[in-house]
There are 2 protein chains.
Amino acid sequence: MPMKRLTRQRRAVLEVLRGTKSHPDAAWVYQEVRKRIPSISLGTVYRTLDALVKEGLVMPLHHGGGATRYDANTMPHPHLYCRRCGAVVDLDLEPPDILKEASERHPELKFETFQLEFEGLCAECAGALAS
Amino acid sequence: MPMKRLTRQRRAVLEVLRGTKSHPDAAWVYQEVRKRIPSISLGTVYRTLDALVKEGLVMPLHHGGGATRYDANTMPHPHLYCRRCGAVVDLDLEPPDILKEASERHPELKFETFQLEFEGLCAECAGALAS
DNA sequence: GTGGTTGCAAAGGCTTTGCAGGCAC
DNA sequence: GTGCCTGCAAAGCCTTTGCAACCAC
C-alpha cells in the first residue's frame, strides 16, 4: 500500500541508487540526495529505501553488523566484502546450481533462494597489502 | 590481549553456546547464563561473545538486519534462514569448491572465505504452510 | 479535496564503553 | 599484589515511528 506516488524524493533516491556501484548505506544515499533536495530528511530516505525493497526494485545487503547497504541490481549475484576497507564488489560469477542438491539432501526444508558472499580483499587493498 | 582469564562468566557463556543448536543472539545467551549466574550483566555477555569471536571459537551470523546471532560451530557450513519464524538451520551440505573459480575470474581480487546462506522455510513452517 | 508522503524530532532496538570495584593468577 | 574482568549505567549507532503540514493525484 505505501509509496505509490512518484514524488521528487522518491525519484531522487532511486536515481542516486542506480547511479552508483558502491552499494551504499542510507547515510550515503541521504548525503547524495541532499545535493538535489537539501530539505529531504533521513527518515524519508529510510522510508523510501524500505518501500523500494518491498517492491523488489532494490536489494538490501547485511554484512558485518554495520549499516544496511542497498544494491539497485536485484539480479542474484555474488559479492566480495573487503575486510580491509569495507567495500562491496560485484562479482561476475555464475552462482552454483545448488538449490536442487540442497532440497534432495534436506527434503523436509523448503529452499527458495540463496546468496553467495565472499570475504577477502578488493583490488586496491590487495595491492596495498602486497607492497 | 583481552579475555585471557578463564572466569566463571566466560565459561558459562561458552557452555551455553555449545549446548544449543539454535544460533542464539546475545539476549538469549544472557537469559540462559543468568540461570547459572544471576548477577551477570548483558555487557559482559557482549564482551565475552566478542572475545570468543576474535579467538575464533564462535562465528557471528548477520542476517536480515536484526540482532547478531552466534554459532559455536566454526566449521564453515551453510545455513537456511526461515523467512517465517526466523530460525537458523544448519545444513549438511558440502560447500561448492568455488574459491578457485572466483580467483580465476577476478585475478585482481583476493578471495579468502565465503558463505552460502539459503532462505526458505524450516521444517515446522513448511509443514504449517502446507496444511 | 483526499489520502498518501514528508520533515521533524523523539523513541526504539541492539551494541559498545567509561568507570570503579572485584577476582583470577 | 597486579592487571584483567565485571557490573552498572550511560552513551552510541542505526533505524523506526507519531504527528501535523504538505502535495501528487
Side-chain angles (χ1 to χ4, degrees), chain A residues 1-17 22-55 57-71 81 85-86 88, chain B residues 1-17 22-55 57-71 81 85-86 88:
Chain A
M1 207 65 152
M3 192 67 76
K4 298 263 186 181
R5 292 188 184 163
L6 185 55
T7 60
R8 271 196 322 148
Q9 289 83 347
R10 181 184 191 199
R11 214 179 311 125
V13 168
L14 232 192
E15 284 172 6
V16 161
L17 220 43
S22 70
H23 311 81
D25 59 15
W28 189 92
V29 172
Y30 173 53
Q31 181 188 318
E32 287 302 304
V33 173
R34 273 222 286 190
K35 292 177 182 170
R36 305 190 202 182
I37 310 176
S39 65
I40 197 174
S41 71
L42 185 53
T44 294
V45 170
Y46 272 107
R47 273 186 290 233
T48 304
L49 288 170
D50 203 49
L52 293 173
V53 167
K54 285 191 177 120
E55 292 172 32
L57 294 173
V58 159
M59 167 170 294
L61 304 176
H62 304 283
H63 186 262
T68 303
R69 307 178 70 149
Y70 297 88
D71 191 342
Y81 292 86
C85 74
V88 180
Chain B
M1 204 79 135
M3 193 65 77
K4 299 263 186 182
R5 293 188 185 165
L6 186 55
T7 60
R8 273 195 322 148
Q9 288 83 347
R10 181 183 191 201
R11 212 178 310 123
V13 168
L14 232 192
E15 284 171 7
V16 162
L17 220 43
S22 70
H23 311 81
D25 60 14
W28 189 91
V29 172
Y30 173 53
Q31 181 187 318
E32 287 302 303
V33 174
R34 275 223 285 190
K35 292 177 182 170
R36 305 192 202 180
I37 310 178
S39 64
I40 197 173
S41 71
L42 185 53
T44 293
V45 170
Y46 272 108
R47 274 186 288 234
T48 304
L49 288 170
D50 202 50
L52 293 173
V53 168
K54 285 191 177 121
E55 292 172 32
L57 294 173
V58 159
M59 168 170 294
L61 303 176
H62 305 284
H63 188 261
T68 303
R69 307 178 69 150
Y70 297 88
D71 191 343
Y81 292 86
C85 74
V88 180

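Chain naming here is simple, since letters A, B, ... match the order of the sequence lines and numbering starts at 1 in each.
In this structure, S41(B) does not reach the dT6(D) phosphate: none of its side-chain N or O atoms is under 4.0 Å from OP1 or OP2. Taking 4.0 angstrom as the limit, Y46(A) places none of its side-chain polar atoms (N or O) nearer than this to OP1 or OP2 of dT16(D). Close to dC14(C), at under 4.0 Å from its OP1 or OP2, lies no side-chain N or O of T68(B). Of the side-chain N and O atoms in Q9(B), one or more sit less than 4.0 angstrom from OP1 or OP2 of dG7(D).
Atom CZ in R11(B) sits about 16 Å away from atom C1' in dC4(D), given to the nearest Å. The CZ atom of R34(A) sits 15 Å away from the C1' atom of dT6(C) (whole-angstrom rounding). Separating the CG atom of L49(B) from the P atom of dC5(D) is a distance of 15 Å, rounded to the nearest angstrom. In this structure, L42(A) places its CG atom 15 Å from C1' of dA11(C), rounding to the nearest Å. Regarding L52(B), its CG atom lies at a distance of 14 Å from the C1' atom of dC5(D), rounded to whole Å. Between the CZ atom of R10(B) and the P atom of dT6(D) there is a distance of 9 Å, given to the nearest Å. With rounding to whole Å, W28(A) atom CH2 is found 16 Å from dT15(D) atom P. Distance, R8(B) CZ to dC25(C) C1': 17 Å, rounded to whole Å.
You'll find that the side chain of S39(B) is closest to dG7(D), out of dG7(C), dG3(C), dG7(D). For T7(A), the listed nucleotide lying nearest its side chain is dT6(C); candidates were dC25(C), dT15(D), dT6(C). You'll find that the side chain of R5(A) is closest to dC23(D), out of dC23(D), dC14(C), dT15(D).
For the pair Y81(B)/L61(B), a side-chain contact is recorded, criterion being any heavy-atom separation below 4.5 Å from C-beta on. Side-chain atoms of V16(B) and R36(B), non-hydrogen and from C-beta on, do get closer than 4.5 Å to each other.
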Let's go through Q31(A) and R34(A) carefully: what are the C-alpha distance in whole Å and the side-chain angles of both, what is the deciding distance for side chain to side chain contact (heavy atoms under 4.5 Å, CB included) to 0.1 Å, and is it a yes or a no?
CA-CA 5 Å; Q31(A) 181 188 318; R34(A) 273 222 286 190; 5.9 Å; no
Evaluate the criterion side chain to side chain contact (heavy atoms under 4.5 Å, CB included) for residue pair L6(B) and R11(B); output intermediate values, then yes/no.
CA-CA 7 Å; L6(B) 186 55; R11(B) 212 178 310 123; 3.9 Å; yes
Do V29(B) and Y70(B) pass the side chain to side chain contact (heavy atoms under 4.5 Å, CB included) test, and can you show the C-alpha distance, the side-chain angles, and the key distance before you say yes or no?
CA-CA 9 Å; V29(B) 172; Y70(B) 297 88; 5.5 Å; no
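Judged by distance alone with a 3.5 Å cut-off, a donor-acceptor contact links the side chain of R47(B) to the base of dG18(C).
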